[in-house]
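Each residue takes its place number in the sequence, starting with 1.
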Amino acid sequence: MVRELTDSFGRKIENLRISVTDRCNFRCRYCMPEEGMTWLDHRELLTYEEIVRITRVLADLGVRRVRLTGGEPLMRKELPTLVAGLAGIAGLGDIALTTNGFFLAEQAGDLARAGLRRINVSLDSLDRDTFEKMARRDYLERVLAGIDEALRAGLGPVKINAVLIRGVNDGEIERFANLARSSPIVVRFIEFMPIGSDDGWSNDRVITTAEVLKRLGELGFPTVGVTREDGQPADRYRFADGAGELGFISSVSAPFCDTCNRIRLTSDGHLRTCLFSTAETDLKGPLRAGAGTHEIRHIILKAVAAKEAGHLINRPGFVRPDRTMSSIGG
Ligand code: SAM
Ligand code: SF4
């Protein structure tokens with residue numbers, strides 16, 4: 001029996017991102033519009049049992065790391081129950097979460113006790129007004145309290161994900177870099193991607209990794225060498241004096257497609273082999289129609305074999321996905 005998930009380009013799939021809900025209490029400008037979002041009916045969401053079942057099949061095929069995301073994953077009720085279910089799957093080494101941080105202060109302890117290992121908090125600004133401008137919500141204080149609680153609960157090192165947009169928050173590069181140097185927090189700069197429905201994306205609004213590094217150099221930060229762990233999207237920069245770490249995800253200027261080893265499970269039970277896929281594979285339908293493990297494995301293997309070479313941002317033929325990042329699971 002096949003025990004490995006390898007696509008037609010020889011990339012071995014080891015990372016799974018699971019979206020547990022499409023709902024969100026923020027309205028980040030680069031992700032979703034202020035008004036008019038419609039949400040999936042609860043019955044359309046995969047149940048926790050279904051998620052665990054699919055993940056077990058994937059773990060058996062070699063998936064080693066799982067990240068829960070959304071929408072806002074902490075809006076899904078009793079998330080620690082799912083974390084505990086996933087923690088019981090043999091072979092899964094790592095369970096992580098990406099969150100906007102709003103509910104973190106109240107949930108961090110339970111999540112850690114259930115088996116969560118690592119957490120990424122999306123935080124695009126440390127300035128209250130800019131935060132509100134980007135998230136369309138005045139919630140900075142709550143997110144900061146959530147990060148403190150996550151560190152207390154043992155979920156460190158917490159990683160902060162910041163999407164930089166020219167003219168909006170690119171004035172905060174120095175502030176973020178200082179935060180990374182003075183605390184057990186890794187700040188990761190993510191290039192702004194053309195995927196939201198109301199995002200005002202244009203190439204000149206993207207702050208590239210090269211530009212951030214240039215600015216850090218001008219500001220006198222002693223950045224040194226890059227390392228990228230196998231199959232990880234971020235380039236990791238350490239400071240020459242050893243204090244702190246920064247990460248860079250250059251999805252637009254230098255995509256990591258060649259070594260991409262991830263697939264995504266949407267909250268309504270579809271498998272996506274690329275963030276920018278234009279097609280998906282339904283797993284929920286067959287599962288609810290009574291498909292057994294063998295059949296689900298077969299469907300997954302077929303979908304993964306057709307994993308795209310990479311995305312085409314800034315190249316002819318690029319097509320925006322017809323789902324927002326929140327409904328795909330970022
Ligand atoms: N709600 C959670 C959060 O914000 O962390 C999880 C879901 S969110 C869609 C996952 C990540 O996608 C966030 O770090 C967010 O910044 C990122 N994201 C959303 N739209 C993006 C875009 N157009 N370009 C780059 N990153 C984006
Ligand atoms: Fe919500 Fe995350 Fe999208 Fe912001 S990035 S609107 S927090 S799903």
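- E72 has its side chain within reach of T99: a pair of non-hydrogen atoms, C-beta onward, lies under 4.5 Å apart.
- Pairing each heavy atom of V206 with each of R166, the nearest pair is O-NH2, 3.2 Å.
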For this session: Carefully, step by step, assess N100 and N25 under the rule side-chain hydrogen bond (donor to acceptor under 3.5 Å, both in side chains).
Result: CA-CA 9 Å; N100 65 27; N25 54 336; 3.1 Å; yes
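- Taking NZ from K77 and CG from L82, the interatomic distance works out to 15.0 Å, rounded to the nearest 0.5 Å.
- The pair E34-R137 counts as a salt bridge, with a side-chain nitrogen and a carboxylate oxygen less than 4.0 angstrom apart.
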Problem set entry | Check against side-chain hydrogen bond (donor to acceptor under 3.5 Å, both in side chains), N15 and R65 | CA-CA 5 Å; N15 281 311; R65 284 194 281 262; 3.0 Å; yes
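- In this structure, L45 and H42 have side chains that are in contact, with non-hydrogen atoms separated by less than 4.5 Å.
- A heavy-atom distance below 4.5 Å is not found between the side chains of I207 and E191.
- Residues S19 and G70 share a closest heavy-atom pair of OG-CA, 3.5 Å.
- You'll find the side chain of V143 stays beyond 4.5 Å of the side chain of L104, heavy atoms only.
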For this session: Test side-chain contact (heavy atoms from CB on, under 4.5 Å) on I18 and L46 and set out the steps.
Result: CA-CA 10 Å; I18 302 174; L46 287 179; over 6 Å; no
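- Ring-plane geometry between Y139 and F26 is classed as tilted, the angle between the planes lying from 30 to 60 degrees on a 0 to 90 degree scale.
- Applying the side chain to side chain contact (heavy atoms under 4.5 Å, CB included) test between E172 and each of T130, L179, L164 identifies T130 as the sole match.
- The shortest distance between side-chain heavy atoms of P184 and V158 does not fall below 4.5 Å.
- When atom types are taken as modelled, the side chain of W201 and the backbone of Y30 share no donor-acceptor pair closer than 3.5 angstrom.
- Considering CD1 of I54 and CG of L271, their distance stands at 8.0 Å, rounded to 0.5 Å.
- Side-chain contact check for T266 and D268: at least one donor-acceptor pair (N or O, by modelled atom type) lies under 3.5 Å.
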For this session: Check the pair S202 / D204 against side-chain hydrogen bond (donor to acceptor under 3.5 Å, both in side chains), numbers first and verdict last.
Result: CA-CA 5 Å; S202 65; D204 57 3; 2.5 Å; yes
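- Distance CG/D60 to CZ/R297: 5.5 Å, rounded to 0.5 Å.
- Residues L246 and V186 fail the side-chain proximity criterion, which asks for heavy atoms closer than 4.5 Å.
- Considering every non-hydrogen atom in both F176 and L123, the closest pair reads CZ-O, 3.5 Å.
- Judged by distance alone, the side chain of S250 and the main-chain N or O of S253 form no donor-acceptor pair under 3.5 Å.
- Linking Ile, Leu, Val, Met, Phe, Trp and Tyr residues whenever their side-chain heavy atoms come within less than 4.5 Å places V168 and M193 in a single cluster.
- Salt-bridge annotation for E50 and R53: absent, with no side-chain N of the basic residue lying under 4.0 Å from a carboxylate O of the acidic one.
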For this session: Check the pair E211, K214 against salt bridge (charged side-chain N to carboxylate O under 4.0 Å, His left out), reporting the backbone distance first and the verdict last.
Result: CA-CA 5 Å; E211 189 173 342; K214 184 163 171 279; over 6 Å; no
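- Judged by distance alone, with hydrogens and angles left aside, the side-chain atoms of R64 form no donor-acceptor pair with the main-chain N or O of G93 at under 3.5 Å.
- If you take CG on L79 and CG on L116, they are separated by 8.0 Å, rounding to the nearest 0.5 Å.
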Problem set entry | Evaluation steps, side-chain contact (heavy atoms from CB on, under 4.5 Å), between L140 and D138 | CA-CA 6 Å; L140 175 62; D138 183 13; 5.5 Å; no
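- Salt bridge present: D170 and R215 bring a charged side-chain N and a carboxylate O closer than 4.0 Å.
- The aromatic rings of F189 and F248 sit tilted, their planes meeting at an angle between 30° and 60°.
- The CZ atom of R29 sits 4.5 Å away from the CZ atom of R136 when rounded to the nearest 0.5 Å.
- There is a path of hydrophobic side-chain contacts, each under 4.5 Å, that joins L301 to I13.
- Under the 3.5 Å distance criterion, with hydrogens and angles disregarded, no donor-acceptor pair is assigned to the side chains of T98 and T69.
- Across L216 and I173, no two heavy atoms sit closer than the pair CD2-CG2, 3.8 Å.
- Residues V63 and E14 fail the side-chain proximity criterion, which asks for heavy atoms closer than 4.5 Å.
- Residues L40 and S267 approach most closely at CD1-OG, 3.5 Å, considering heavy atoms.
- Listed for the E44 side chain is a donor-acceptor partner under 3.5 Å among the backbone atoms of D41.
- In the hydrophobic cluster analysis, where Ile, Leu, Val, Met, Phe, Trp and Tyr join through side-chain heavy atoms closer than 4.5 angstrom, F9 is grouped apart from I300.
- Ion pairing between E132 and R128 fails under the 4.0 Å rule for side-chain N and carboxylate O.
- Between E245 and R236, at least one side-chain N (NZ, or NE/NH1/NH2) sits under 4.0 Å from a carboxylate O, which counts as a salt bridge.
- No side-chain donor-acceptor contact under 3.5 Å links D124 and N161.
- For the atom pair CG (L111) and CD1 (I95), the distance works out to 11.0 Å, reported to the nearest 0.5 Å.
- At least one donor-acceptor pair closer than 3.5 Å links the side chain of R67 to the backbone N or O of L97.
- Between K12 and L5 the shortest side-chain heavy-atom distance does not fall below 4.5 Å.
- Using a distance-only test at 3.5 Å, with no hydrogens or angles considered, a donor-acceptor pair links the side chain of T81 to the main chain of E78.
- Panel note: side chain R142, backbone G101; no donor-acceptor pair is recorded below 3.5 Å.
- In terms of heavy atoms, P80 sits closest to A114 at O-CB, 3.4 Å.
- With salt bridges taken as basic N to acidic carboxylate O contacts below 4.0 Å, one links R118 and D94.
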